[in-house]
Number of protein chains: 2
Amino acid sequence: MKIERNDATADLSAQIATAIRDAIVSGQLPVDERLPSEAELAEEFQVSRSTVREALKRLAAQSLIRTQRGAFGGAFINRIAFEDAYGQHVTTSTLLLSMNAVSFDVACEARFAMERACAPFAVKRRTADHLATMRAEIQKQSQPGLSDESWCASDVAFHRAFVDSAGNPVISYQLAGSVEAMQPLMNMITFTARNREKIILLHTEIANYLDLGNPGAVEKILIKLSDYTKTLAYDVIAAKDKEKRA
Amino acid sequence: MKIERNDATADLSAQIATAIRDAIVSGQLPVDERLPSEAELAEEFQVSRSTVREALKRLAAQSLIRTQRGAFGGAFINRIAFEDAYGQHVTTSTLLLSMNAVSFDVACEARFAMERACAPFAVKRRTADHLATMRAEIQKQSQPGLSDESWCASDVAFHRAFVDSAGNPVISYQLAGSVEAMQPLMNMITFTARNREKIILLHTEIANYLDLGNPGAVEKILIKLSDYTKTLAYDVIAAKDKEKRA
DNA sequence: AGACTTTTAAATGTATGACAAATGAAAATT
DNA sequence: AATTTTCATTTGTCATACATTTAAAAGTCT
């Protein structure tokens, strides 16, 4: 089924993981199929059990397999759930943004551009539930004592509900990375009462136009929101620069 | 810096991996920082070296760390490159589509919706290079003897160039999952000479309107392309159903 | 003194063997 | 027939040993 060795550039466990991963991705190993036991794989690849285990842990880290102990246990090809994929995507995207000096502008542009793409579908498919969630988050955002972290979390929840209202799980999955990965960046912005007021207004308009079924208007508000977010970020960055020079 | 144990629901190696991952994601461990050696981590977490190694392999599978052998080697926090992230994203997205019975329509809608979101930026920022790449792929697609696989690969390359022309690496990264993950689905569609002709025409129009700087027109062509792709998929599915009934 | 070679210590990679713990099937018992 | 016990299988963890790689440090030669 799969053979290799003598690559020499990579660890054995990495090579074995790649071989099995390829078999999974290419569809040779169907979902819920059981892999051979660790001992059998060790025999098959002519390596020790530890090496096989390290390979399997690599695959488990990507949710490609799950393991079960006991007789009739073993490693099984895992059906990746949207939930698992979200998590990995968010982790990767977050690190990508924080480690690669992606500017706030670029991240913001990407996020809102894709969010705008949801508008036409959202007006067609949003349910009462989606609207209720969005309005509930707006309500939460209006509470005076809300901490910056809770404010940002509610902001993410609002946008998440909007994206989900487009009724396309693939879009939701793809956008989770953009929206949630920006949360650390957003957390750095201090939202004063005045800022919040303005954003809440825009959120309300989005909900209203979504309710009315006007995609163009929703897109326009999203542009305003994007611009305003960028403005706030500029101010924060400018203030930090000033502080640094002082 | 990080402690746990007694979770009982998860493996020790998974718990340790999570602890270190959290420290990385939260920014406590800066890029290129060296983790303690395996022996030291084993001591710190009060587990065996094998268990630590399995945890580290999990992190390595997500490109969170890289390891180096030899004195002064060890595990270092890895700066995730866009390239690494692409790869993981494509793998996950591909499996998500193939394992979760995501309909062709849903995948197609997501892909083209996000691609349309690129149009306004693409007309502003596309370079001569991008246009040249797109036209070169169109040229390739016009060759009569091209296999279905090569055709699809060239199709991906064309759309990739278009997305890249928007000049936003975050958008490019997010879209890589959608565009490339659909390749297996696209490969199932047999593109006759007549089909190809029509798609090549649409590709040409995209390149032309991009050249002219007309984002609205580009979006309209993308909608046409999306619709046509869906039509082709319907036909293939219908033909398969017929075959099955026969 | 400076350039080259050798040694050495530290770290990861791999192998082996042992035992613990979980688990479901099969056998034994009530 | 239902329940309990036994048992084989498999993953999880630990301990130890050795191979391999690597760069610094020490040594050697010109």
Side-chain angles (χ1 to χ4, degrees), chain A residues 1-21 24 29 32-78, chain B residues 1-21 24 29 32-78:
Chain A
M1 105 124 141
K2 60 246 167 182
I3 28 165
E4 32 65 64
R5 189 104 190 192
N6 69 42
D7 185 315
T9 64
D11 298 347
L12 284 177
S13 69
Q15 290 178 46
I16 292 170
T18 301
I20 299 177
R21 174 159 45 238
I24 296 173
L29 299 171
D32 291 338
E33 174 103 340
R34 182 180 171 280
L35 289 181
S37 73
E38 295 174 354
E40 286 168 324
L41 286 172
E43 174 65 24
E44 187 173 335
F45 286 112
Q46 285 292 296
V47 297
S48 72
R49 207 187 132 205
S50 344
T51 303
V52 167
R53 279 183 64 77
E54 288 177 10
L56 293 181
K57 293 314 154 207
R58 295 178 119 108
L59 299 176
Q62 295 179 290
S63 306
L64 295 180
I65 60 169
R66 61 177 188 280
T67 54
Q68 205 173 2
R69 282 165 73 154
F72 298 81
F76 298 84
I77 310 297
N78 197 33
Chain B
M1 110 130 127
K2 61 248 165 177
I3 27 167
E4 32 66 65
R5 189 105 189 190
N6 68 42
D7 184 315
T9 63
D11 298 348
L12 283 178
S13 70
Q15 291 177 46
I16 293 170
T18 301
I20 299 177
R21 176 161 41 240
I24 296 173
L29 298 171
D32 290 338
E33 175 103 341
R34 181 179 169 283
L35 289 180
S37 72
E38 295 174 353
E40 287 168 323
L41 286 172
E43 175 66 22
E44 188 174 335
F45 287 111
Q46 286 291 299
V47 297
S48 72
R49 208 188 130 205
S50 337
T51 303
V52 168
R53 279 183 63 77
E54 288 177 10
L56 293 181
K57 292 314 155 207
R58 295 178 119 108
L59 299 176
Q62 294 179 291
S63 305
L64 295 180
I65 60 169
R66 62 178 186 279
T67 54
Q68 206 172 1
R69 284 166 74 157
F72 296 77
F76 298 84
I77 309 298
N78 196 33

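What you see is a predicted model; the values in this text were computed from it and never measured. Labels below follow one simple rule: chain letters A, B, ... track the order of the sequence lines, proteins then strands, and each chain is numbered from 1.
B:E38 has its CD atom 15 Å from the P atom of D:dA15, to the nearest Å. Atom-to-atom, CG of B:L12 to P of D:dT11 comes out at 17 Å; the value is rounded to the nearest Å. Counting to the nearest Å, the C1' atom of C:dA25 and the CD atom of A:Q68 are 14 Å from each other. Look at CD1 on B:I65: it is 15 Å from P on C:dA11, rounded to the nearest Å. Distance B:R53 CZ to D:dC18 C1': 14 Å, rounded to the nearest Å. Residue B:F72 contributes atom CZ, which lies 9 Å from atom C1' of C:dA9 at whole-angstrom precision. One interatomic measurement links the two molecules: CD of A:E40 to P of D:dT10, which rounds to 6 Å at whole-angstrom precision. Between the CD1 atom of B:I16 and the C1' atom of D:dT13 there is a distance of 11 Å, given to the nearest Å.
Distances were taken from every side-chain heavy atom of B:V47 (C-beta onward) to each of D:dC14, C:dA9, D:dG12; the shortest belongs to D:dC14. Nearest to the side-chain atoms of B:S48 among the listed nucleotides D:dT11, C:dT14, D:dC14 stands D:dC14.
Within the 4.0 Å cut-off from OP1 or OP2 of C:dA10, not a single side-chain nitrogen or oxygen of B:S37 is found. A close approach under 4.0 Å does occur between a side-chain nitrogen or oxygen of B:R34 and OP1 or OP2 of C:dA11. Between A:K57 and D:dT11 there is no side-chain polar atom (N or O) within less than 4.0 angstrom of OP1 or OP2. Between A:T51 and C:dG13, a side-chain N or O to OP1/OP2 separation shorter than 4.0 Å is absent.
Using a 4.0 Å cut-off between charged nitrogen and carboxylate oxygen, A:R66 and A:D32 count as a salt-bridge pair.
Remark on DNA chain C: of its neighbouring residues A:S13 and A:R49, the 5'-side contact belongs to A:S13, judged by nearest-heavy-atom nucleotide. Of the two residues contacting DNA chain D, namely A:R69 and A:S50, the nearest-nucleotide position lying further toward the 5' end is that of A:R69.
Side chain of B:T51 to backbone of B:V47: no donor-acceptor contact under 3.5 angstrom is found. Within the 3.5 Å criterion, the main-chain N or O of A:S37 finds a donor-acceptor partner in the side chain of A:E40.
Atom CD of B:E33 sits in a crowded spot, with more than 12 heavy atoms from other residues, nucleotides or ligands closer than 6.0 Å.
Evaluated for a side chain to side chain contact (heavy atoms under 4.5 Å, CB included) with B:L35, the options B:I65, B:V52, B:T67 yield exactly one hit, B:I65.
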